[in-house]
Participant: 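Questions regarding the structure given below will be posed in turn.
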Amino acid sequence: MLLEMKDVSVSYGKVSAVRNLSLNVPEGGIVTIIGGNGAGKTSTLRAMSGMVPLVGGEISFRGERIDGLTSDKIVAKGIAHVPEGRRIFPDMTVEENLRTGAFLRRDKAAVETDLESVFTRFPRLKERRRQMAKTMSGGEQQMLAIGRALMSAPKLLLMDEPSMGLAPVIVEEIAVIIEEINAQGLSVVLVEQNAELALELADHAYVLEAGNLALEGPADELHGNEHVRAAYLGI
């Protein structure tokens with residue numbers, strides 16, 4: 001198993017965000033976490049990437065405990081996080097943003113190869129490599145955020161609401177990108193308000209409700225679950 005969470009709990013002061021969550025991410029898989037606002041989805045990703053401390057439980061990556069490590073050390077081990085809202089550096093160019101993703105790397109030749117690979121995957125980023133990031137459209141900024149994460153050469157990509165605020169045609173484009181990245185061997189944990197999209201892309205799904213695990217199983221089975229269809233798919 002690539003990543004394992006066992007009985008993980010996360011709190012913000014006295015407010016409990018995630019309670020005793022156990023979750024597994026297999027090598028080469030796409031795992032999705034769905035749920036309503038405040039369900040604990042983002043907190044789960046933040047726990048994986050070391051952005052919030054655990055108040056209970058443990059997280060292992062490639063058989064090694066990573067809970068308690070700082071975010072930069074977790075990135076160095078192979079976990080990259082594409083945060084909600086993209087969080088690009090607006091007053092830096094596209095290329096400068098991408099290069100920040102490789103900040104911890106020392107393999108300079110490989111970094112240049114990966115930069116060209118990102119430009120091949122996202123031609124619009126190459127066209128705009130000298131352009132300030134804040135002048136780009138929302139879809140282009142999302143591609144930049146994904147490209148920046150890929151520049152760290154991760155083994156696991158955490159994606160928080162990649163379709164948020166984007167036009168349907170761009171959402172479809174992002175979905176194709178996720179499938180292509182995964183097909184090349186990169187594992188993905190996808191948090192998505194668009195449950196239909198998430199369940200179409202994922203192999204396995206976890207449903208969180210008020211910080212608790214409500215359901216889990218193969219994504220296609222949960223797509224047919226009556227509770228999931230009524231609560232999250234509008235069916």
Participant: Find the distance between CG (L21) and CZ (R19) and round it off to the nearest 0.5 Å.
Facilitator: 11.5 Å

Participant: Is there a side-chain hydrogen bond (donor to acceptor under 3.5 Å, both in side chains) between H223 and E200? Walk through the geometry before answering.
Facilitator: CA-CA 8 Å; H223 191 279; E200 286 178 3; 5.5 Å; no

Participant: So V31 and P26, do their side chains get closer than 4.5 Å, heavy atoms only?
Facilitator: yes

Participant: Taking G40's backbone N and O only, do any of them form a donor-acceptor pair with T44's side chain (distance below 3.5 Å, no angle check)?
Facilitator: yes

Participant: Under 3.5 Å, is there a donor-acceptor pair between the side chain of D67 and the main chain of E58?
Facilitator: no

Participant: Checking side-chain polar atoms at under 3.5 Å, does Q193 have a donor or acceptor matched by the opposite partner on N37?
Facilitator: yes

Participant: Between the side chain of D91 and the main-chain N/O of M132, is any donor-acceptor distance below 3.5 Å?
Facilitator: no

Participant: Before accepting this row, confirm whether a basic side-chain N of the pair K77/E64 lies closer than 4.0 Å to the acidic partner's carboxylate O.
Facilitator: yes

Participant: Of all heavy-atom pairs between N182 and S187, which one has the smallest distance, and what is that distance?
Facilitator: ND2-CA, 4.4 Å

Participant: Looking at side-chain heavy atoms only, is the closest gap between T32 and V188 below 4.5 Å?
Facilitator: no

Participant: Starting at OG of S137, measure out to CD of E140 and round the result to the nearest 0.5 Å.
Facilitator: 3.5 Å

Participant: Checking the side chain of E221 only, and the main-chain atoms of P218 only, is there a donor and an acceptor separated by less than 3.5 Å?
Facilitator: no

Participant: Are L45 and I146 co-members of a hydrophobic cluster defined by side-chain heavy atoms under 4.5 Å apart?
Facilitator: no

Participant: Determine yes or no for a side-chain-to-main-chain donor-acceptor pair under 3.5 angstrom, with S9 supplying the side chain and N20 the backbone.
Facilitator: yes

Participant: Going only through I, L, V, M, F, W and Y residues with side-chain contacts under 4.5 Å, is there a path from L144 to L150?
Facilitator: yes

Participant: Side-chain contact test, heavy atoms from C-beta onward, threshold under 4.5 Å: evaluate it for M151 versus V118 and give yes or no.
Facilitator: yes

Participant: Check the pair K108, E112 against salt bridge (Lys or Arg N to Asp or Glu O under 4.0 Å), reporting the backbone distance first and the verdict last.
Facilitator: CA-CA 6 Å; K108 292 184 178 181; E112 297 306 314; over 6 Å; no

Participant: Could you check if a side-chain atom of Y12 sits within less than 4.5 angstrom of a side-chain atom of V52, using non-hydrogen atoms only?
Facilitator: yes

Participant: Among T100, V94, L125, which residue meets the side chain to side chain contact (heavy atoms under 4.5 Å, CB included) test with R148?
Facilitator: T100

Participant: Do L222 and L201 sit in the same hydrophobic cluster, where Ile, Leu, Val, Met, Phe, Trp and Tyr count as joined when their side-chain heavy atoms come under 4.5 Å apart?
Facilitator: no

Participant: When H81 is tested against each of S152, S49, S71 for side-chain hydrogen bond (donor to acceptor under 3.5 Å, both in side chains), which residue passes?
Facilitator: S49

Participant: I'd like to know if E173 and R124 make a salt bridge, using a cut-off of under 4.0 Å between side-chain N and carboxylate O.
Facilitator: yes

Participant: So, does T113 use its side chain to make a donor-acceptor pair with the main chain of A109 at under 3.5 Å?
Facilitator: yes

Participant: Using side-chain heavy atoms (C-beta onward) and a distance below 4.5 Å, is L104 in contact with D72?
Facilitator: yes

Participant: With the side chain counted from C-beta on, respond yes when L115 and L98 share a heavy-atom pair under 4.5 Å apart, and no when they do not.
Facilitator: yes

Participant: Working to the nearest 0.5 angstrom, can you tell me the gap between S163 OG and L197 CG?
Facilitator: 6.0 Å

Participant: Testing the basics here: between R128 and M136, what is the closest heavy-atom pair and its distance to 0.1 Å?
Facilitator: CD-CE, 4.1 Å

Participant: Taking atom CD of Q142 and atom CD1 of I88, what is their separation to the nearest 0.5 Å?
Facilitator: 9.5 Å

Participant: Does CZ in R65 sit with more than 12 non-hydrogen atoms of other residues, nucleotides or ligands closer than 6.0 Å?
Facilitator: yes

Participant: Between atom CG of L23 and atom CD1 of I59, what is the distance when rounded to the nearest 0.5 Å?
Facilitator: 9.5 Å

Participant: Taking all atoms of both residues into account, what is the closest heavy-atom pair of L3 and M5, and its distance?
Facilitator: CD2-CG, 3.8 Å

Participant: Take N212 and L208 through the test side chain to side chain contact (heavy atoms under 4.5 Å, CB included) and record every step on the way to the result.
Facilitator: CA-CA 5 Å; N212 297 299; L208 297 187; over 6 Å; no

Participant: Please determine whether salt bridge (Lys or Arg N to Asp or Glu O under 4.0 Å) holds for the pair D160 and K41, giving the CA-CA distance in whole Å, both sets of side-chain angles, and the decisive distance to 0.1 Å.
Facilitator: CA-CA 8 Å; D160 196 353; K41 306 183 303 296; over 6 Å; no

Participant: Could you state whether V75 and L158 fall into the same hydrophobic cluster, counting links through intermediate Ile, Leu, Val, Met, Phe, Trp or Tyr residues with side-chain heavy atoms under 4.5 angstrom apart?
Facilitator: no

Participant: State, to 0.1 Å, how close L199 and A219 come at their nearest heavy-atom pair, and which atoms those are.
Facilitator: O-CB, 3.6 Å

Participant: Nearest 0.5 angstrom please: M48 CE to L156 CG, how far?
Facilitator: 7.5 Å

Participant: Is there side-chain contact between F89 and E96, with at least one heavy-atom pair below 4.5 Å?
Facilitator: no

Participant: Within the structure provided, determine whether Y206 and N24 are in side-chain contact (heavy-atom separation under 4.5 Å).
Facilitator: yes

Participant: Of the non-hydrogen atoms in A47 and L54, which two are nearest, and what is the gap between them?
Facilitator: CB-CD2, 3.7 Å

Participant: Is there a path of hydrophobic side-chain contacts, each under 4.5 Å between heavy atoms of I/L/V/M/F/W/Y residues, joining V171 to M159?
Facilitator: yes

Participant: Hey, does the side chain of N225 reach the backbone of H227 with a donor-acceptor pair shorter than 3.5 angstrom?
Facilitator: yes

Participant: Could you pull out the closest heavy-atom pair between V82 and A149, with the gap in Å?
Facilitator: CG2-CB, 3.6 Å

